[in-house]
There are 2 protein chains.
Amino acid sequence: MRPEPSKAFDPGEWEPERAGEALRAHGCRVTQPRVAVLRALLEHGGTIDALGLTALAQRYEPGIHEATVYRTVNVLSEVGIASHVHAGHGPSLVRLAGDEQLVAVCRDCGAIAPIPEESVAQLVESVEARTGFLLEPGHFALEGVCGECSP
Amino acid sequence: MRPEPSKAFDPGEWEPERAGEALRAHGCRVTQPRVAVLRALLEHGGTIDALGLTALAQRYEPGIHEATVYRTVNVLSEVGIASHVHAGHGPSLVRLAGDEQLVAVCRDCGAIAPIPEESVAQLVESVEARTGFLLEPGHFALEGVCGECSP
DNA sequence: TCTGTAATTGCGAGCCGGTCGCAACTAGCG
DNA sequence: CGCTAGTTGCGACCGGCTCGCAATTACAGA
């Protein structure tokens with residue numbers, strides 16, 4: 001799910017150990033559920049919704065509760081390890097910091113496609129030049145219909 | 001989308017009578033609740049959420065139910081009279097067709113800026129060519145920081 | 001290593017925007 | 001004017017997410 005080898009995110013970036021330090025540095029405890037969520041994010045390596053993330057995290061922490069995943073994601077965001085993306089419709093998405101990228105979500109099937117870096121740069125630049133707005137492409141998603149869902 | 005991007009939207013465009021024709025042309029009935037919602041949209045003249053729209057519509061059709069407003073908005077969208085926008089968290093917004101444009105919302109002050117038509121076209125084209133995704137600008141909003149909120 | 005204690009978790013209830021099924025109502029054709 | 005299928009009102013329901021609370025647990029300090 002991660003087609004950009006050039007600017008590729010290095011998963012080692014947030015190996016549990018380093019992430020643990022980041023957490024402690026913010027006065028947060030390093031708990032098993034949190035590590036499980038982190039590992040799930042590392043394993044998945046891309047953008048994922050809370051439900052999927054919970055499912056993945058179950059592998060490392062079988063009893064982990066959905067609410068805990070939500071809380072953990074918030075903590076990870078505050079600490080700068082992860083960030084959440086609000087997709088127009090449907091659930092919001094999570095990904096590791098450093099893997100931030102503008103994505104498009106299919107309104108019919110929910111498929112997620114990364115937007116080519118070049119198109120993003122073009123947009124950001126052009127919008128800033130003309131409106132003064134500095135877009136934050138990592139924090140929102142575009143909506144549309146994917147190739148498979150459109151006739 | 002409509003041919004006149006430079007000019008402001010003319011509310012007269014969707015006077016109940018013309019809207020009625022559009023509805024009938026799609027095999028839909030012109031009912032009092034629908035007219036009430038339409039008048040509320042005309043009266044308000046901008047983007048509004050379903051709750052606010054319901055409140056406004058009550059003036060013309062006192063007993064109108066929230067579910068009816070949602071359904072009506074969907075119908076109006078299908079017929080091309082209105083469209084809905086997803087902006088970040090919170091409820092989605094409705095506006096009259098013709099008032100459509102991709103907008104950016106400032107994450108700090110909530111300011112809304114229209115994105116230049118040209119930048120949008122560029123983005124849509126480039127994304128479609130490279131990912132097969134057909135974006136639907138006007139149905140979602142971009143997020144960023146406006147000129148005044150960023151130093 | 002053991003202990004105290006405050007952060008964290010699991011759990012279920014709850015909130016909120018939005019949708020659905022169904023019986024009653026009504027637009028509008030004939 | 002009567003028929004009938006599209007609509008409405010209503011309440012139950014759904015999915016995403018948050019909250020309150022008792023039980024659990026990380027980890028600083030003894």
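Letters go in sequence order (proteins before strands), and every chain restarts at 1.
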Practice prompt. Go through the steps for A:L142 and B:L142 under the test side chain to side chain contact (heavy atoms under 4.5 Å, CB included), then give the verdict.
Written response: CA-CA 8 Å; A:L142 308 184; B:L142 309 182; 3.7 Å; yes
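Running 5' to 3' along DNA chain C, contacts with non-hydrogen atoms of chain A at under 4.0 Å begin and end at C:dA6 to C:dC11.
In terms of modelled atom types and a separation under 3.5 Å, the side chain of B:R95 and the main chain of B:V85 share no donor-acceptor contact.
Every residue two or more places apart in sequence or in another chain that forms a ring-ring contact (aromatic ring centres under 6.0 Å, His included) with A:H86 is listed here: B:H89.
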Please table the atom pairs, donor to acceptor, closer than 3.5 Å between any side-chain atom in residues 23-36 of chain A and protein atoms at least two apart or in another chain.
residue	atom	partner	partner atom	Å
A:T31	OG1	A:R34	N	3.3
A:R34	NH1	A:R29	O	2.8

Do any side-chain atoms of residues 67-78 of chain A form donor-acceptor pairs under 3.5 angstrom with protein atoms, and if so which ones, sequence neighbours left out?
residue	atom	partner	partner atom	Å
A:T72	OG1	A:T68	O	2.7
A:S77	OG	A:V73	O	2.9

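Side-chain contact between B:P137 and B:V124 is present, with heavy atoms from C-beta onward closer than 4.5 Å.
Under 3.5 Å, the side chains of B:S126 and A:Q122 contain no donor-acceptor pair of N or O atoms.
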Letter by letter from the 5' end, nucleotides 4-17 of chain D scores (B base, S sugar-phosphate only, - none; protein heavy atoms under 4.0 Å) -BBSSBB-----SS
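Within 6.0 Å of CD in B:E43 there are more than 12 heavy atoms belonging to other residues, nucleotides or ligands. At most 12 non-hydrogen atoms from other residues, nucleotides or ligands lie less than 6.0 angstrom from CD of B:E118.
For the helix from C:dT1-D:dA30 to C:dG30-D:dC1, the terminal axes (five pairs an end, C1' atoms, rotation from four pairs onto the next four) enclose an angle of 30°, given to 10 degrees.
B:L123 approaches A:S119 most closely through the heavy-atom pair CD1-O, 4.2 Å.
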